[in-house]
Amino acid sequence: MTEQSQYPLLSRINSPHDLRQLPESSLEQVARELRGCLLDSVSRSGGHFAAGLGSIELTIALHYLYNTPEDRLVWDVGHQAYPHKILTGRRERLHTIRQWEGLAPFPKRAESPYDAFGVGHSSTSISAALGMAIAARHTGSGRRAVAVIGDGGLTAGLAFEALNHAGDIGADLLVILNDNNMSISPNVGALANRFAQLISGKLYTTVREGSKKVLSQLPGVLELARRAEEHVKGLVVPGTLFEEFGFNYIGPIDGHHLPTLLATLRNIRELSGPQFLHIITKKGKGYGPAEADPVKYHGVSPFDPSVGIVASNKIAKPTYSDVFGEWICDMAAHDPRLVAITPAMREGSGLVRFQREHPTRYFDVAIAEQHAVTVAAGMACDGLKPVVAIYSTFLQRGYDQLIHDVVTQRLPVLFAVDRAGVVGADGPTHNGSFDESFLRCLPDIVLMAPADENECRQMLYTGFQLDGPAAVRYPRGTGLGVEVQKTMTALAIGKGEVRREGTGVAVLAFGSMVGLAQGVGEALNATVVNMRFIKPLDDALVVALARSHELLVTIDENAVMGGAGGAVSEVLAAHGIAAQVLHIGLPDCFLQHGAREDMLREAGLTLEQVTEKVRARWRAMTSPAACQ
């Protein structure tokens, strides 16, 4: 079947301009075709899935009524933006999404003029769209700004900071809350939809604003009228909170009912000042298995749409997240002071079992990384032993709290830093390229990186036993397949481990690069060291290796600038040792999305590439010209 016969309308839409040429009566068919196209493409390529199914009608309505890309449309995170990519000229490349040199997993300014703002982390949309609204006011461009944020994204403090600012300055901004967590309540039906159209319409707005002018001369009466209006609206809508921020709240409405969406958005488009539209959608809409289990279908590998995702019978090696999940359950059984905190990453961080077994000791603070860190500090002040399970790039968002609330007070908080190093398909916004750099500069913190799964367990135990801040950084995915010992043994703080004795070259490897370093050692007869600790560094071992080898090579899966290699050079400089040092790590750029293997190759971190780099430096040092 040809694309034209399968998707007769969608195949003709290569831009929102093409969409806007269609009669409104055909948009329901466009929605059906778009849903089918998304299912067909993502089931073959993998990617974010359920959120996009839930945003199809909203995407069509926005591009149909707003003059994109001149009008600015900002998606929060971007999980829901696959339909947006399809309608903005990227339909034929959607099957390449999240793959090396394919479409980016999230909206990306360099990819399309329709991607008004690059995203990847949650809760940035309102701030960004507000900035664009301010710019439109300043330049007089007249362009509109719309932010689409999910109910999960609205749990972050950044979103409320933006709402507060927008309401304070009266910006011409539309915020759409795409609420797919709550079920559609009884008041979301014909009555509520009609009510939303009424309160977004010109008659209501004219009467409302005119009454304000008249009653402003009678402050007491104005306040009474305001309270009466809130009471009436509150009978039907939960909008008082957003009204207090200075927004005109409209909704909730059915986000899958195109006539209501179109009518309401048409009315809102004519209003000035901050507007807040609350829509109710169903994640996974239109595909039964995704509707039934939207978490399972949030991000998918390729699957057969006629069958759905089928669990593999193959026994998989445990991931580092699995190792953490088992350790924290075992540790909690031994120490009643242990509590676990996560910023909305229960599944990803491996805390599903812990929540089930220790529900009163599990705290999901939603998408609020700053709060996650500071609430852990408060717990530690009063005798608990908090473990914060957090992705490397999400810890960046809580950095001030890490310094100000935990480290300066030397509080015993353990950070389990997941997704350290390159992560693959989610790309530059999710690569843990910098945590070594921003953690190792903090006084009194203990920073560890395991070479394998068993060492990860032992390091978590080691960090938990300390009476001060500690962090264990470990990569995404599976390890080397070593047996994980149930017994937990604390490691000697700041001590490395020589894995192989060689001559001439010493390779100092950190964390995930130890296995690769052993291959380099075999190829070049080099000494190989598992450094284990990034801070405190094993100074004595570094000095001894520098004095017994001609070349030191450091390898870590972090940006070279500020990484563990820099710590080695600092030790040598402090001891007045002028050694030859080669630092190998992630380059000074943002690596793009793709398979982990592709990204490591692009970074020059394959066994062959690293071996050749070391061999080339050794040749340059030992050639006759270099010796003269």
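What's counted below: heavy atoms across the whole structure, side chains too, no hydrogens, waters or symmetry copies.
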Q: Using the ring of Phe464 (Phe, Tyr or Trp, six-membered ring only), decide whether Lys385 places NZ or CZ under 6.0 Å from its centre and within 45 degrees of its axis.
A: yes
Q.
Parallel, tilted or perpendicular: which one describes the rings of Trp75 and His84, with boundaries at 30° and 60°?
A. tilted
Q: Hey, can you tell me if His298 and His79 have their rings parallel, tilted or perpendicular (30° and 60° cut-offs)?
A: perpendicular
Q. With under 30° as parallel and over 60° as perpendicular, where do the rings of Phe242 and Phe276 fit, or are they tilted in between?
A. parallel
Q. Can Asp330 and Arg457 be counted as an ion pair, charged N to O under 4.0 angstrom?
A. yes
Q) Which one of Ile149, Val77, Val119 satisfies the side-chain contact (heavy atoms from CB on, under 4.5 Å) criterion with Thr124? A) Val119
Q: For residues Glu602 and Val422, determine if any side-chain heavy atom of one lies less than 4.5 Å from a side-chain heavy atom of the other.
A: no
Q: Measure the spacing between CE of Met599 and CH2 of Trp100 and express it to the nearest 0.5 Å.
A: 6.5 Å
**Q.** Arg476/Asp418 ion pair, N-O < 4.0 Å
**A.** no
Q | NZ/NE/NH1/NH2 to OD/OE distance under 4.0 Å, Glu557 and Arg473 | A | no
Q: Check the pair His593 / Asp426 against side chain to side chain donor-acceptor pair (under 3.5 Å), numbers first and verdict last.
A: CA-CA 6 Å; His593 56 279; Asp426 282 342; over 6 Å; no
Q.
Strictly below 4.0 Å, N to O, side chains only: are Lys85 and Glu111 in salt-bridge contact?
A. yes
Q. Would you call Arg353 and Glu357 a salt bridge, using N to O less than 4.0 angstrom?
A. yes
Q. Among Ser321, Pro475, Ser349, which residue meets the side-chain contact (heavy atoms from CB on, under 4.5 Å) test with Arg419?
A. Ser321
Q.
Could you check whether Lys296 pairs with Glu347 (Lys NZ or Arg NE/NH1/NH2 to Asp/Glu carboxylate O, under 4.0 Å)?
A. no
Q: Before accepting this row, confirm whether a basic side-chain N of the pair Asp115/Arg109 lies closer than 4.0 Å to the acidic partner's carboxylate O.
A: no
